[in-house]
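Worksheet: one structure, shown below.
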Amino acid sequence: MDTEKKVKILNTVLQSIVFGLVFTLLGQYVGMLEKAHYLSSIGVTYAPSFAELSFSAIKFWIPAIIGAIIGFMIVYFLPVINWGINLALKLNAKHGTLLFKTILCFVVAVFMVVILSVLMSILTTVILVDPSAGEYQATIGQAIIGGLKYLYLFFPVAWILAILIADPAEKMARGILKAPIPDYSHH
């Protein structure tokens with residue numbers, strides 16, 4: 001396997017881990033928003049709190065790991081990065097500029113958010129639910145709608161996160177693999 005392919009794989013793994021962790025926490029917060037909405041509809045006051053975030057295996061670690069795996073598969077098997085690069089180049093953004101990275105990350109975030117939101121909503125509201133403990137178990141249809149309902153919240157977080165972690169993750173991957181930075185001046 002050539003060095004650039006190894007860098008791509010390790011870079012994607014590193015970014016997917018960050019996305020899995022952040023989106024699991026964000027998903028828990030969305031769950032609190034849903035709980036607040038439901039409780040207010042029956043006249044009970046409830047304010048979501050970061051103190052209620054759970055770091056248990058079932059509520060945090062399993063979804064974070066599965067989210068990282070799904071994120072890796074999205075970026076590695078769908079040509080979303082190439083689509084983002086092609087769009088950036090069509091819009092005359094020069095490789096290495098903030099505009100180029102912003103356009104590229106926009107395209108990646110669109111696909112990551114839609115796919116991850118739906119799949120993670122199904123995982124956390126249908127599969128990893130314990131009805132015997134009084135937890136509400138959604139149907140797959142409700143989970144899909146729930147995943148899509150908060151795209152306005154997930155998308156900006158994903159887009160900004162992608163912009164912020166793209167360079168550090170690539171530098172870390174190149175450092176670990178001792179791979180030089182390629183010359184993109186011909187783009």
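Formation of a donor-acceptor pair under 3.5 Å by the Gln28 side chain with backbone atoms of Lys59 is found in this model. A donor-acceptor pair is defined here as one N or O able to donate and one able to accept, closer than 3.5 Å; no such pair exists between the side chain of Trp61 and the backbone of Ser56. In this structure, Glu135 contributes its side chain and Val129 its backbone to no donor-acceptor pair below 3.5 Å. Between the side chain of Ser117 and the backbone N or O of Val114 there is no donor-acceptor pair closer than 3.5 Å. At least one donor-acceptor pair under 3.5 Å links the side chain of Trp159 to the backbone N or O of Thr102.
Neither side chain, Glu34 nor Tyr29, offers a donor N or O lying under 3.5 Å from an acceptor on the other.
Relative ring orientation between Phe72 and Phe77 is described as perpendicular, the plane-to-plane angle rising above 60° on a 0-90° scale split at 30° and 60°.
For the atom pair OG (Ser16) and CD1 (Ile69), the distance works out to 9.5 Å, reported to the nearest 0.5 Å. To the nearest 0.5 Å, the span separating CZ on Phe19 from CG on Leu14 amounts to 12.5 Å.
Ile144 has its side chain within reach of Ile140: a pair of non-hydrogen atoms, C-beta onward, lies under 4.5 Å apart.
With respect to Glu52, the side chain to side chain contact (heavy atoms under 4.5 Å, CB included) criterion is satisfied by exactly one of Ser54, Pro48, Ser49: Ser49.
Heavy-atom neighbours of Tyr152 OH from other residues, nucleotides or ligands within 6.0 Å: above the threshold of 12.
A salt bridge is absent between Lys8 and Glu170: the closest approach of a Lys/Arg side-chain nitrogen to an acidic carboxylate oxygen does not fall below 4.0 angstrom.
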